Amino acid sequence: MKYYVTTSIPYASGNPHIGNVIDWLYADTIARYKKQQGFEVAYSAGSDEHGSKIYEKAQEAGIPPEQFIETVVPLIVAGHKLINSEYTHFARTNSKQHIAAAQKLWKQMGDDIYKSKYVGWYCVGCEEFKTETEVKENNGVCPLHNKPYERLEEENYFFKLSSYNQRLLQLIESGDFEVLPEFRKTEILNVIKTGLTDISVSRPKKKLPWGIPVPGDNTQVMYVWLEALMNYITVLDYPDGADFKKFWPTDLQIVGKDNLRFHAAIYPAMLMSAGLPVLKRLFVHGHLTVNGQKMSKTIGNVVTAKEVVDKYGADAFRYYFLRHVSSYEDGDFSWPTFEAAYNNELANELGNAVQRTAAMIQRYLGGQIGQLSGAEHDTGAVEQALAECRFDRALDSIWDKVRGLNQYIDEEKPWELAKKENEKEHLQEVLATQVSDLLQIAHLLTPFLPDTAAKIAAVFEAGTVKPIEGTLFPKDEVAKSTPAK
RNA sequence: CGCGGGGUGGAGCAGCGGCAGCUCGCGUGGCUCAUAACCACGAGGUCAGAGGUUCGAGUCCUCUCCCCGCAACCA
């Protein structure tokens, strides 16, 4: 039983965006879940290291692009560490392995790639082609350079995407390639139905020196996104590597909604063209807003994963973004909402349930838990939610259990049982049920909040209560260190 | 008529044909094992608007208004 989950790789031009981090969070949660279920799991992350933006940034910094990307990759790696994202494979598109494999794939696509001329509006000042709309909006004159756009021809390689229309429709409609959520499937089907056109997949090397050379034509380099999409394959050491043979095809690809077209249309077409099995499933998540606004440097509302993790820890970060950011739609972050979730749910409901249970066992039973009830737990709701990538719902239903436990404690009133000599046995049963519930909760929580789950399990696992040093989700500390905003 | 999402108590959301529900916040009460935590009860909604289908509509259909996102080879 193998499971391969892949995440879109961020462009290595600077610090990773919190949107990238959310990608990893979903992937990591699924990876841990599948591992828990006994699957052998591969989880790939990486960095996209070619293209004009990186080339320009490197020039600005006065260093060669090879060197520039080495300054960015550690930031991406650090981003994973920050939130406890444990990828098994890391794709670097400037690695020898990737370059060689990408060229192999290009050749594998055979006649689907052909040379043709691209004709468009070009601004000599900007040194780039402009879209029809942009040209129209500016009345045919580039506002930056105050020069009219020129009609220009350029030789490019093209990918015969148009010939995959029918096969893509069939693949997606049949569910052989599943697109989640349903409305994204509708969306991409509409796009495909209006007709996909062939797309340019290379650029003249003169204009874009930083890329992978087209095999057999060193005047052209591959378009960045084309070879970037190949990372999911090349990272497994395509075509002969053991990992490729074991893990391909991808079971679940995770992308943001901005990437829908690339990953739901172009990418599967490329795979078909190269004669490879198509990925099985694509999960498209939404974007994040801050205080209801799009995150933007201009507005100045950019929130980084680091700020949040530094203050509250990786598990609190994971908790908020998995539960309170909608898995399907766009989600919002704000400090007050985050802090409310932290205090009410993590500290008061979960943390306190652990604490009161541990304290009562120490006080009433001398720390000895005794016989656990072998009560059956219903985990169907969590499994169902995860099967649909509804991380938010999955945590909702785990929290139903947390609340249920607190209610149970209040109904049974162990502190009263403790006063009655003839209720000793009943008391032990009640407390054992609490422990069994908490162990169950910890088990369910493992993929979502790995550290927290391990801490809870450690308190009760041994049969004797081993209190946590400090507190799960300390409230006071946080209140002190974060004055009201 | 480019494509998609959304408009439900103060806030955030669920419900998608059968008594309007959840969390937060607010009010009242209970409890004392616990991280000033926990539990119960309550107030608060003409489900964006109009029309239609139906025994019955947030829920289906039509139209309108208002938000948001995506796309238009330029990853």
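None of these values were measured; they are calculated from a predicted model. Labels below follow one simple rule: chain letters A, B, ... track the order of the sequence lines, proteins then strands, and each chain is numbered from 1.
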Comparing nearest nucleotides in RNA chain B, the 5'-proximal residue of the pair A:K419, A:A340 is A:A340

*Classify the angle between the aromatic ring planes of A:Y328 and A:F283 as parallel (below 30°), tilted (30 to 60°) or perpendicular (above 60°).*
tilted

Rounding to the closest angstrom, what is the interatomic distance between B:U62 and B:C55 at atom C1'? 23 Å

Using a heavy-atom cut-off of 4.0 Å across all strands, would you classify A:Y364 as base, sugar-phosphate, or nothing? sugar-phosphate

Find every protein N or O atom lying less than 3.5 Å from an N or O atom of nucleotides 2-4 of chain B, and list the pairs.
from	atom 1	to	atom 2	distance (Å)
B:C3	O3'	A:N190	ND2	3.0
B:G4	OP1	A:N190	ND2	2.6
B:G4	O2'	A:E187	OE1	3.4

Rounded to whole Å, CG of A:N156 lies from C1' of B:C74 at a distance of 11 Å

task = Quote, to the nearest angstrom, the P distance that separates B:C61 from B:U53.
result = 15 Å

Taking NZ, NE, NH1 and NH2 as the nitrogens, is one of them in A:D330 or A:K257 under 4.0 Å from a carboxylate oxygen of the other? yes

Per the under-4.0 Å heavy-atom filter, residues of residues 352-361 of chain A near RNA chain B come out as A:N352, A:Q355, A:R356, A:A359, A:M360

- request: Check for a donor-acceptor pair, side chain of A:R318 on one end and backbone N or O of A:L449 on the other, with a separation under 3.5 Å.
  value: no

Note, RNA chain B 5' to 3' with Watson-Crick or G-U pairs under 3.5 Å encoded as ( ), [ ], | and . gives .(((((((.[[[[.)..(..]]]].(((((.......))))).....[[[[[..)....]]]]])))))).....

Between CG of A:L472 and C1' of B:A34 the distance, given in whole Å, is 13 Å

Ring centre gap for A:F333 and A:F321 strictly below 6.0 Å: yes

Per-nucleotide protein contact along nucleotides 7-16 of chain B, 5' to 3', at a 4.0 Å heavy-atom cut-off (B base, S sugar-phosphate only, - neither), is -------SS-

A:R281 meets the side-chain hydrogen bond (donor to acceptor under 3.5 Å, both in side chains) criterion, sequence neighbours left out, with A:E178

Q) When rounded to the nearest Å, what value does the distance between P atoms of B:G18 and B:G2 take? A) 35 Å

| query | Taking NZ, NE, NH1 and NH2 as the nitrogens, is one of them in A:E388 or A:R393 under 4.0 Å from a carboxylate oxygen of the other? | reply | no

The complete set of side-chain hydrogen bond (donor to acceptor under 3.5 Å, both in side chains) pairs with one or both residues in residues 261-274 of chain A, sequence neighbours excluded, reads A:D112-A:S273, A:Y232-A:H263

Under 4.0 Å, counting only non-hydrogen atoms across every strand here, what does A:G51 touch: a base, just sugar-phosphate, or nothing? nothing

Ranking A:L350 and A:S8 by the position along RNA chain B of their nearest nucleotide, the one closer to 5' is A:L350

Handout entry: A:Q220 backbone acceptor or donor facing A:E155 side chain under 3.5 Å
Key = no

Could you give the distance separating B:U59 and B:G7 at their C1' atoms, to the nearest angstrom?
-> 15 Å

In short, salt bridge (charged side-chain N to carboxylate O under 4.0 Å, His left out) pairs touching residues 186-195 of chain A with sequence neighbours left out are A:E173-A:K193, A:R184-A:E187

Counting neighbours of NZ on A:K466 that are heavy atoms of other residues, nucleotides or ligands and sit closer than 6.0 Å, is the number greater than 12? no

Exercise. Could you tell me whether a side-chain N or O of A:T433 sits under 3.5 Å from a main-chain N or O of A:E429, the two making a donor and an acceptor?
Key: yes

Check your understanding: With rounding to whole Å, what would you report as the distance between B:G10 and B:G49 at their P atoms?
Key -> 14 Å

Item to complete: Look at all strands and tell whether A:L229 reaches a base, only sugar-phosphate, or nothing, counting heavy atoms closer than 4.0 Å.
Response: nothing

Between CD of A:E349 and P of B:C39 the distance, given in whole Å, is 6 Å

Check: Would the number of heavy atoms belonging to other residues, nucleotides or ligands and lying under 6.0 Å from CG of A:N422 be above 12?
Finding: yes

A:N348 CG to B:U23 C1', in whole Å, measures 14 Å

Contacts of A:N259 meeting side-chain hydrogen bond (donor to acceptor under 3.5 Å, both in side chains) (sequence neighbours excluded), chain-then-number -> none

Pairwise P distance for B:G56 and B:C3, with rounding to whole Å | 34 Å

| message | Roughly how many Å apart are B:A36 and B:G45, using the C1' atom of each and rounding to a whole number? | response | 33 Å

Ordered by number, residues from residues 402-418 of chain A within less than 4.0 Å of RNA chain B (heavy atoms) are A:R403, A:N406, A:Q407, A:D410, A:W415, A:E416

Here the distance between atom C1' of B:U35 and atom CG of A:N344, to the nearest Å, is 12 Å

| said: With rounding to the closest Å, how many angstrom separate the P atoms on B:C47 and B:A57? | reply: 12 Å

With sequence neighbours left out, the residues meeting side-chain hydrogen bond (donor to acceptor under 3.5 Å, both in side chains) with A:H98 are A:E227, A:T234

Rounded to whole Å, the CD1-P distance (A:I468 to B:A34) equals 16 Å

For residues 380-417 of chain A, the ring pair (Phe, Tyr, Trp, His ring centres under 6.0 Å) pairs (sequence neighbours left out) are A:Y26-A:F391, A:Y319-A:W399

Relative to its sugar, using the 90° cut-off around 0, the base of B:G7 is anti

When rounded to whole Å, the CG to P distance for the pair A:L346 and B:U23 reads 17 Å

Between NE2 of A:H287 and P of B:G6 the distance, given in whole Å, is 17 Å

Q | Minimum side-chain heavy-atom gap A:R323-A:I398 below 4.5 Å | A | no

Parallel, tilted or perpendicular: which fits the ring planes of A:F338 and A:Y320, with parallel below 30° and perpendicular above 60°? tilted

Residue pairs meeting salt bridge (charged side-chain N to carboxylate O under 4.0 Å, His left out), one or both in residues 48-57 of chain A, sequence neighbours left out, come to A:E49-A:R92

